[in-house]
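Notes follow once the structure below has been shown.
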Amino acid sequence: MTVDLEATTTAVGPPVGRLRGRWWRRSTWSLPEVRWAATATGLFLAGLAAQLGGAPRWVSWPLFLACYASGGWEPGVAGLRALREKRLDVDLLMVAAAIGAAAIGQVLDGGLLIVIFATSGALEAIATKRTEDSVRGLLDLAPDTAVRIRPSHTDVDGEETVRVVDLVVGDVILVRPGIRIGADGTVVDGASEVDQATITGESMPVDKQPGDEVFAGTMNGSGALQVRVDRTAGESVVARIAALVAEATRTKAKTQLFVDKVEQRYSVGMVTATVALFVIPLLLRQPFTPTLLRAMTFMIVASPCAVVLATMPPLLAAIANAGRQGVLVKSAVVMELLGRTSQIALDKTGTLTRGTPYLARILTLPGSGLSEDEALGLAASAEHPSEHPLAAAIVAAARARQLPLVPVDAFAATAGQGVHATVRGREVRIGSPAGVRSSSTSAAAEALTALLLEGATVLVMTVDGESAAAFGMVDQLRPEAPDAVRRLTRLTERPPILLTGDNPTAARTVAAGVGIHDVRAGLRPDQKAEHVRRMQTSGAKVTVIGDGINDAPALAAADTGIAMGGAGSDLTLQTADAIIVRDNLSTVPAVIALSRRARRVVVANLIIAASFMTVLAVWDLAGHLPLPLGVAGHEGSTVIVGLNGLRLLRRSAWPRAGRTDRMRSRTSRQDAGRV
């Protein structure tokens, strides 16, 4: 699978970070659907104000008719196109109902229908636009240019800056410290640590030496690397992730609200009944005006305005309530789908963990003569000048214990090997086991084995050439993660699983700490998405929770995707259907439970709306339903279902931990197949 990177980046425009920062001002208002919907809404409100203020009809009617034109022309055109394809959709039905309402003097009712459907179309256009922006923005992760080393040149004159898209397999590029790598390739010279969490999900920087593979878009550390290009820009891992997200978005079945799934049959039935009510009496020589009035009354009382409001207010109220609790749910469709979740899949780094190194263990080695605090004090003093994330974790641990840091002499940091410094006259070296030489390798090997079995990244410290201590660095677990996993297990039909690109040992350690037994580690982004598709094939409604770019394909492939907002990448935040703004995992089971409650309210509202519509329609068909009474009944049902849905705005509607668990038995299986 290849991507035309040059063509795509040319059309990208500003980077994703700026797109997100100015989203409402630029991306949203550039959509014609949004502008027409806003215009229609403004005209409707102006007409309503004029009517309620007692203005003459020649003031309010033009405003309503302008609302009809601005908000109804796009649904009308779409409906006519569908009609040409021998399909009758609810868009054309709503336009016809609005025109019919205006024809019999109920211009306000028609305007309300127009505004509802224009707004719905705008929201759909916004969702589509954001998905396109997210895929294009992913390609900004890789730099636009790279420094290529000319063949047979080794000095500065042998360097040239070229576009990444112009690199070919076999070129050698120079990657200086602190910049992103421009292409997938193999290190041929130099050593450094590379943060590749965005691609592989590994929580710790990875030491790279000649022969190791690196990926475009990952961040180089403190050393310089020479990298031989192995894949062109369009075939790089980051480009393939973009292609996977785009493909998953395209092939994902169009998700609709429950009420949308019956619109075709309902539309055909309603139009057929309206035409029959008008044509048959005329064939039987009934008067024209009463016949038209009866048919228009039927169209009004049978119009699905109450049904639409039966669905949207509960879901929108639930979205607003979730937003107050730090969960941004992007659409009513997402809020409905969250309640159908039967399988949870979680990423590790940045999701179950904080994504930052943490000093978990200190092992002082026999013969060192050091206590834990003494060993940590020496290590923190030596690491203090370093900018490496692992060094920062050691310094933070020393400060947490209030250990003094002393000035050092002869500090040096060597990429791939660690640091060297003189602390109070003692020669201290700290680095990976492979990069630190000492005379007591057996003790260091035992400490290394013990820490590796715990899933830790190990640093070894030597003092005056002798192994003195080993430090176990882990990715810190989120404190709320075990409880969140327990509640998710109770809410869903299947226990959660862990999908991670990290190594199996670290993954199993984290999984054991939160109570997850199904662990799938060492996965590439495409493999994560493939696991999601397999679960869906088995009948599961999958919700994926992640934060990194490597999670984006799985988030796009899942029925619903939830991103951690604090550390989440731009692509992940825009691909996901919901965002945990405050990085609190305990809100995930709560929002799923809230979704299920909202869906129960939707079902209740649909029953209320259908009952009103049935009674009024039967009355009009079997007898004579006065138009004012029909309108009152229709609007009354709309008000009832609207108020019923707004109950979910109350703070008490947000499920707490204990209440979520008590709701499990009546929400999990009942609601999974109800809507």
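We use all heavy atoms of the structure for the numbers below, so side chains are in, but hydrogens, waters and symmetry mates are not.
With Asp171 contributing its side chain and Val229 its backbone, the two residues share no donor-acceptor pair below 3.5 Å. Put simply, the side chain of Asp559 gets close to the backbone of Val542: a donor and an acceptor are under 3.5 Å apart. Ser368 places no side-chain N or O within 3.5 Å of a backbone atom of Thr364 that could act as its donor or acceptor partner. For Glu374 (side chain) and Ser371 (main-chain N/O), a donor-acceptor pair under 3.5 Å exists by modelled atom type. A donor-acceptor pair is defined here as one N or O able to donate and one able to accept, closer than 3.5 Å; no such pair exists between the side chain of Thr462 and the backbone of Ser467. A distance-only check finds a donor-acceptor pair linking the side chain of Thr587 to the backbone of Asn584 [under 3.5 Å]. The main-chain N or O of Glu427 is found under 3.5 Å from a side-chain atom of Asp464 such that the two form a donor-acceptor pair. In this structure, Ser595 contributes its side chain and Val591 its backbone to no donor-acceptor pair below 3.5 Å. Side-chain atoms of Asp483 do not come within 3.5 Å of backbone N or O of Glu480 as any donor-acceptor pair.
When each of Val172, Val147, Thr186 is tested with Gln226 by the rule side chain to side chain contact (heavy atoms under 4.5 Å, CB included), just one qualifies, namely Val172.
Listed by first and then second residue, the salt bridge (Lys or Arg N to Asp or Glu O under 4.0 Å) pairs that reach into residues 357-367 are Arg361-Glu454, sequence neighbours excluded.
Residues Ile394 and Leu459 form a side-chain contact, since some pair of their non-hydrogen atoms from C-beta on lies under 4.5 Å apart. For the pair Leu346/Leu499, no side-chain contact is recorded, criterion being any heavy-atom separation below 4.5 Å from C-beta on. Looking only at side-chain heavy atoms (C-beta outward), Asp551 and Pro525 stay at 4.5 Å or farther from each other. Counting heavy atoms from C-beta on, the side chains of Leu167 and Ile173 come closer than 4.5 Å. Inter-residue side-chain proximity for Val329 and Asp577 is flagged as unmet; no heavy-atom pair is nearer than 4.5 Å. Put simply, the side chain of Val327 reaches to within 4.5 Å of the side chain of Trp654, judged on heavy atoms. Looking only at side-chain heavy atoms (C-beta outward), Lys208 and Glu193 stay at 4.5 Å or farther from each other. Between Val588 and Ile562, some side-chain heavy-atom pair lies under the 4.5 Å cut-off.
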(message) side chain to side chain contact (heavy atoms under 4.5 Å, CB included) for Leu376 and Leu403? Distances and angles first, verdict last.
(response) CA-CA 8 Å; Leu376 180 58; Leu403 300 178; 3.8 Å; yes

(request) Verify side chain to side chain contact (heavy atoms under 4.5 Å, CB included) between Ile545 and Met564, making sure each step is shown before the conclusion. (result) CA-CA 7 Å; Ile545 308 170; Met564 304 296 286; 4.3 Å; yes

(request) Begin from the C-alpha positions of Gln476 and Thr353 and carry the test side chain to side chain contact (heavy atoms under 4.5 Å, CB included) through to its verdict. (result) CA-CA 5 Å; Gln476 190 175 10; Thr353 65; over 6 Å; no

(request) Kindly indicate, with the supporting measurements, whether the criterion salt bridge (charged side-chain N to carboxylate O under 4.0 Å, His left out) is fulfilled by Arg176 and Glu159. (result) CA-CA 12 Å; Arg176 291 189 169 90; Glu159 299 176 3; 2.9 Å; yes

(message) Determine whether Leu359 and Phe471 satisfy the following criterion, side chain to side chain contact (heavy atoms under 4.5 Å, CB included), listing intermediate values before the conclusion.
(response) CA-CA 7 Å; Leu359 179 59; Phe471 302 93; 3.8 Å; yes

(request) Verify side chain to side chain donor-acceptor pair (under 3.5 Å) between Thr218 and Arg180, making sure each step is shown before the conclusion. (result) CA-CA 5 Å; Thr218 56; Arg180 293 193 179 273; over 6 Å; no

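Between Asp347 and Lys528, at least one side-chain nitrogen of the basic residue sits less than 4.0 Å from a carboxylate oxygen of the acidic one, meeting the salt-bridge criterion. Ion pair Asp475/Arg354 not flagged as a salt bridge, since none of the NZ, NE, NH1 or NH2 atoms sits closer than 4.0 Å to an Asp/Glu carboxylate oxygen. Arg478 and Asp583 are joined by a salt bridge, as a carboxylate oxygen and a charged side-chain nitrogen come within less than 4.0 angstrom of each other. Remark: Glu213 engages Arg231 in a salt bridge, criterion side-chain N to carboxylate O under 4.0 Å.
Rounding to the nearest 0.5 Å gives a distance of 10.0 Å between OG of Ser342 and CE of Met535. Atom CG of Asp547 sits about 12.0 Å away from atom CD1 of Ile579, to the nearest 0.5 Å. Considering NE2 of His420 and CZ of Arg429, their distance stands at 4.0 Å, rounded to 0.5 Å. Atom CG of Asp230 and atom CZ of Phe215 lie 10.5 Å apart (nearest 0.5 Å). Put simply, OG1 on Thr492 and CZ on Arg487 are 12.5 Å apart, with the number rounded to the nearest 0.5 Å. Between atom CD of residue Gln402 and atom CG of residue Asp373 there is a gap of 11.0 Å, rounded to the nearest 0.5 Å.
Nearest heavy-atom pair across Pro385 and Val408 is CG-CG2, 4.1 Å. Closest of all the heavy-atom pairs between Val463 and Ala468 is CG2-CB, 3.7 Å. Annotation for Leu352 and Ala481: closest pair O-CB, 3.9 Å, computed over non-hydrogen atoms. Nearest heavy-atom pair, Ala382 versus Ile430, reported as atom, atom and distance to 0.1 Å: CB-CD1, 4.0 Å. Ala393 and Met473 make their closest contact through CB-CE, 3.3 Å (heavy atoms, listed as atom of the first residue, atom of the second, distance). Of all heavy-atom pairs spanning Val214 and Ile181, the tightest one is CB-CD1, 3.8 Å.
The neighbour count for Arg424 CZ, taken as heavy atoms of other residues, nucleotides or ligands under 6.0 Å away, does not exceed 12.
Every residue two or more places apart in sequence or in another chain that forms a salt bridge (Lys or Arg N to Asp or Glu O under 4.0 Å) with Glu530 is listed here: Arg533, Arg534. Applying the side-chain hydrogen bond (donor to acceptor under 3.5 Å, both in side chains) test to Thr543 and every residue at least two apart in sequence or in another chain returns Thr341, Thr560. Looking at residues two or more places apart in sequence or on another chain, you find no side-chain hydrogen bond (donor to acceptor under 3.5 Å, both in side chains) involving Ser386. Evaluation of the side-chain hydrogen bond (donor to acceptor under 3.5 Å, both in side chains) rule for Arg399 yields His384 as partners, not counting sequence neighbours. Listed by chain and number, the residues in a side-chain hydrogen bond (donor to acceptor under 3.5 Å, both in side chains) with Thr145 amount to none (sequence neighbours excluded).
If you check the side chains of Asp409 and Thr422, you find no donor sitting under 3.5 Å from an acceptor. Using a 3.5 Å distance cut-off with no hydrogens or angles, the side chains of Arg520 and Thr500 do not pair a donor with an acceptor.
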